[in-house]
Every structure is written in structure tokens, then in C-alpha cells.
Visitor: 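If you scroll down you'll find the structure; I have some questions about it.
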Number of protein chains: 2
Amino acid sequence: MTEPTPLAPAQLAAYFALTEVASLLQHAVEQQLRTDGGLTTPQFQILARLNATGGRLRMTDLADGLVYSRSGLTYQAAQLEKRGLVSRTPGADDERSVEVTLTPAGRDVLGQVMPGHVELVQRLMMTSLSDTDIAALNDVLGRVRDHMRTAPPRSAAPRAAKRA
Amino acid sequence: MTEPTPLAPAQLAAYFALTEVASLLQHAVEQQLRTDGGLTTPQFQILARLNATGGRLRMTDLADGLVYSRSGLTYQAAQLEKRGLVSRTPGADDERSVEVTLTPAGRDVLGQVMPGHVELVQRLMMTSLSDTDIAALNDVLGRVRDHMRTAPPRSAAPRAAKRA
DNA sequence: TATTGTTATACTCTATAACTATA
DNA sequence: TATAGTTATAGAGTATAACAATA
């Protein structure tokens, strides 16, 4: 009775398929970003997020949606600043905060990277998908994402066994 | 004319949803594996793969499907051997090879970890999915996976810009 | 006191290249 | 010569905890 309901074979297959697709995709993307722009995935995510939101964000807002700890974000921001792709300035209104700004050089690198990135996603992921498939993915994965964002992170995990 | 066809908004959304779900899931799984069994994700993958294939595999066969470089696999196998979860012995037929065997202790740790793992996947991913959804995921992601496995890894990536 | 961000530290993972040994 | 695996090395990423400064 302490056993959770086992995963049905179809559920297992879906879980594995998701895992494997994401892993293969991430690997290919990493390679492409490094080759085309000398960027790591987290660095690209930061630049892309900045670009998508007007080019300037506070550290805290930048962290939203990204997986980082604060120190991890500080580290990545420092890397990007070293390369001149981003600048950090004290926040205008709140003196505690730091505003991260995408520099022209940062935009250039994004411009260098995006075509290959789009092409890669097209070729790897979209080639075998119809519009209907894509709508289905959006529907299903969108629901999973919303649920995951809502779900209690970890404390609710029941009956953790003692360490080995 | 050098620009690839841009991703349609629905395609972008599907790409992001996949990325985000996988990232959140992976993060939660890492946490669970560490808490319940002191395992990292790659270590768990190795143990699970061994368990699923009868408990014994050559290093090379073990590497199949996992992303590692050979040295990376050696490293992980060494970690697992230190903890006694796995043993390494010279190959029976081919003296060059090494056979990795899941030990009883290794099975125990898997047993400690699996219930929480299944429960997590149930709670995070399956809660919001109907049987139809799961079938759709298998269909769509299965096709993407097959295509990715087939696709030319990287050399075919066109027009890489010079580094920044 | 709570929040924003940085720093110090330590650890895990990964990859490349050089190397050993067997086929 | 090719294959199986290890080792040495070096670098990148991440997290935790302690810290400084502002709200």
C-alpha cells in the first residue's frame, strides 16, 4: 500500500520519449550555439530573454522562468559582461537592484546565432510534424507546463526512503 | 535569401513548451533521486539501464543511448563502483572489454528510488493527461525521436557564421 | 526585517587527448 | 590497424552559505 500506482506502459513510453527528445534536442542546440556564436545554452537563454523583453531587465526578473539560483545567474551575467554582450548598471529606482542591458554586440551575436538555431529546430523537430501535431503538442505540453509550475515543488513528495 | 523560414508562432510555442517541461521535469527528478537515493541523473540512468537489460552490460553497450563520451561513462561507472552499486570485471570473451554488473546493493538503491520516481512522474506529468493525450504524445514525440535519431547530427548545419 | 545581488567555496559533470592492451 | 577502456587534465556550471547594501 505504500507503492504508488505503477506507470502504465504507454505512460512510461511517453515519459521516455519526452526525455529522449529533449535530451537530443538540447545536445544539438548546444553544439549549434557554440559553433555559431560561442554561446552556452544558459547564456543564449539570457540573451534571448533580454531581447524578447525590450533589452533590459532586472536580475530578479531575468531569473524568472530560468532555472538558476541567484548565484548562478550572477555567474552567467558576469560571463556575458566579460564578452561585452551585456552591461550591468545599478537600478534606477531601487538602488539594490541591477539592470542588465543587452548591448549592440549582444544583439549582433544573437543575430549570428538565430538563423542556425531556427534552422536546427526546423530540421530536427518540425520536419516530421503537421500543423495538427503542433497544435496537439501545444495543448498537451501546455497543460503539463502549467500544472508543473503550479504543483508543490518538492516538500509534498511522500515517504522518502533513508539514504543508502 | 539566406534566412531560414522563420518558426511560426505555434511552432515556437511548441518548442518552448517542450523545452520548459523537460527542464522542470529534469530538475524535479534530480532532486528526488538525490533525496531518495543519493543518485545523480546519469547514475540513475546507468543503474536503470542495467536493471532493464538483465543486470550486466559491456561498457560500450551501456553507452548506447546515453549521451556520454567514453571517459564520462568511465567516470560514472567508477563513482558507482566506489559506492558498491556496480562491479566491473574483465569481459569473458573479449579481453579488452569490461562488463558492468548491477550488485545487490545497486538493486536496493533502485528499489529505494523507484517508488518516489514513479510517484513524481505521476504527479508532475500524468495528472493533467488523459489516455488520449498520452497516446498523442507517444505518436508525436515518437516520430520526432525517430527522426532525430536518423537526422545527420550536425555537419549538415548550413552557413555557420564566424565566431563573435 | 526582508529583499537584491555578489562572493567564496566546493563539487559534479563533461570533453579532449594521450595512453595501454587486446583483436 | 582498429577497438575497448582508462587516465590526466582542464574547464564550465551549479548550489549553498555567508555577506553587503538598500528598502
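Per chain, numbering begins at 1; letters A, B, ... match sequence-line order.
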Visitor: Whole angstroms only, please: what is the CD-P distance between B:Q31 and D:dT14?
Guide: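 For the pair B:Q31 CD and D:dT14 P, the rounded distance is 16 Å.
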Visitor: Using distance alone, with no hydrogens and no angle criterion, decide if A:T41 and A:Q45 have a side-chain donor and acceptor under 3.5 Å apart.
Guide: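 No.
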Visitor: Mark yes when over 12 heavy atoms from residues, nucleotides or ligands other than A:R56 sit less than 6.0 Å from its CZ; otherwise mark no.
Guide: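 No.
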Visitor: Once you round it to whole Å, what is the distance between C1' of C:dC13 and CG of B:L39?
Guide: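 In whole Å, C:dC13 C1' and B:L39 CG are 15 Å from each other.
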Visitor: Rounded to the nearest Å, what distance is computed from the CG atom of residue A:L62 to the C1' atom of nucleotide C:dT3?
Guide: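 Answer to the nearest Å: 17 Å.
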Visitor: Given C:dA15, is OP1 or OP2 found less than 4.0 Å from the side-chain N or O atoms of A:H27?
Guide: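 Checking C:dA15 against A:H27, a side-chain N or O does come within under 4.0 Å of OP1 or OP2.
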Visitor: Are B:D61 and B:R58 ion-paired here, with the side-chain N under 4.0 Å from a carboxylate O?
Guide: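 Counted as a salt bridge, because a side-chain N and a carboxylate O are separated by less than 4.0 Å.
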Visitor: So, the side chain of A:T101 versus the backbone of A:T89: is there a donor-acceptor pair under 3.5 Å, distance only?
Guide: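 Side chain of A:T101 to backbone of A:T89: no pair is present.
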Visitor: Rounded to the Å, how far apart are B:R70 CZ and C:dA18 P?
Guide: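 In whole Å, C:dA18 P lies 13 Å from B:R70 CZ.
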Visitor: So which of residues 47-57 of chain A are in contact with DNA chain D, with a heavy-atom cut-off of under 4.0 Å?
Guide: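 Those residues: none at all.
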Visitor: How would you list, by chain and number, every residue that makes a ring pair (Phe, Tyr, Trp, His ring centres under 6.0 Å) with B:Y15, sequence neighbours excluded?
Guide: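 In terms of ring pair (Phe, Tyr, Trp, His ring centres under 6.0 Å), with neighbours along the sequence ignored, B:Y15 is linked to A:H117.
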Visitor: Both A:D61 and B:G72 contact DNA chain C. Taking the nearest nucleotide for each, which residue is further toward the 5' end?
Guide: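 This one resolves to A:D61.
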Visitor: Quick one: label B:Q79 by what it contacts on the DNA or RNA (base, sugar-phosphate, nothing), any heavy atom closer than 4.0 Å.
Guide: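 Since no nucleic acid heavy atom lies under 4.0 Å of B:Q79, the category is nothing.
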Visitor: A:Q76 side chain N/O closer than 4.0 Å to the phosphate oxygens (OP1, OP2) of D:dT14?
Guide: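 For D:dT14, OP1/OP2 do have a side-chain N/O of A:Q76 under 4.0 Å.
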Visitor: Output the single nucleotide from D:dA15, D:dT22, C:dT22 whose closest atom is nearest the side chain of B:E95.
Guide: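 Nucleotide nearest to B:E95's side chain: C:dT22.
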Visitor: Compare side-chain N and O positions of A:T74 against OP1 and OP2 of C:dT6 and report whether any pair is under 4.0 Å apart.
Guide: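 A:T74 to C:dT6 OP1/OP2: side-chain N or O found under 4.0 Å.
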Visitor: So, does A:T103 use its side chain to make a donor-acceptor pair with the main chain of A:L85 at under 3.5 Å?
Guide: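 A pair under 3.5 Å: yes.
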Visitor: Could you tell me how far apart B:E30 (CD) and D:dG13 (P) are, to the nearest whole angstrom?
Guide: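 Roughly 16 Å, once rounded to whole Å.
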Visitor: Can you tell me the distance, in whole Å, between the CD atom of A:Q43 and the C1' atom of D:dT14?
Guide: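 Spelled out: CD on A:Q43 to C1' on D:dT14 is 14 Å.
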Visitor: On DNA chain D, does the nearest nucleotide to B:E99 precede the nearest nucleotide to A:Y75 from the 5' side, or the other way round? Give the residue.
Guide: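 Between the two, 5'-proximity favours B:E99.
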Visitor: What's the CD-P distance between A:Q26 and D:dG13, to the nearest Å?
Guide: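 Atom CD in A:Q26 sits about 12 Å away from atom P in D:dG13.
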Visitor: Quickly work out the B:M59 CE to C:dT22 P distance and round it to whole Å.
Guide: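 In whole Å, C:dT22 P lies 17 Å from B:M59 CE.
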Visitor: Please determine whether a side-chain nitrogen of the Lys or Arg among A:E30 and A:R34 lies less than 4.0 Å from a carboxylate oxygen of the Asp or Glu.
Guide: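 A:R34 and A:E30: not salt-bridged.
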Visitor: In terms of the nearest nucleotide of DNA chain D, which residue is placed more toward the 5' end: B:R88 or B:R96?
Guide: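 Nearer the 5' end of the strand: B:R96.
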Visitor: Ignoring the backbone of B:P42, work out which of C:dG5, C:dC13, D:dG13 is nearest its side chain.
Guide: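 Ranking C:dG5, C:dC13, D:dG13 by closest atom to the B:P42 side chain puts C:dC13 first.
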Visitor: Give a yes/no on whether any side-chain N or O of A:S71 is located under 4.0 angstrom from OP1 or OP2 of C:dA8.
Guide: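 It does not, given that no N or O in the side chain of A:S71 lies less than 4.0 Å from OP1 or OP2 of C:dA8.
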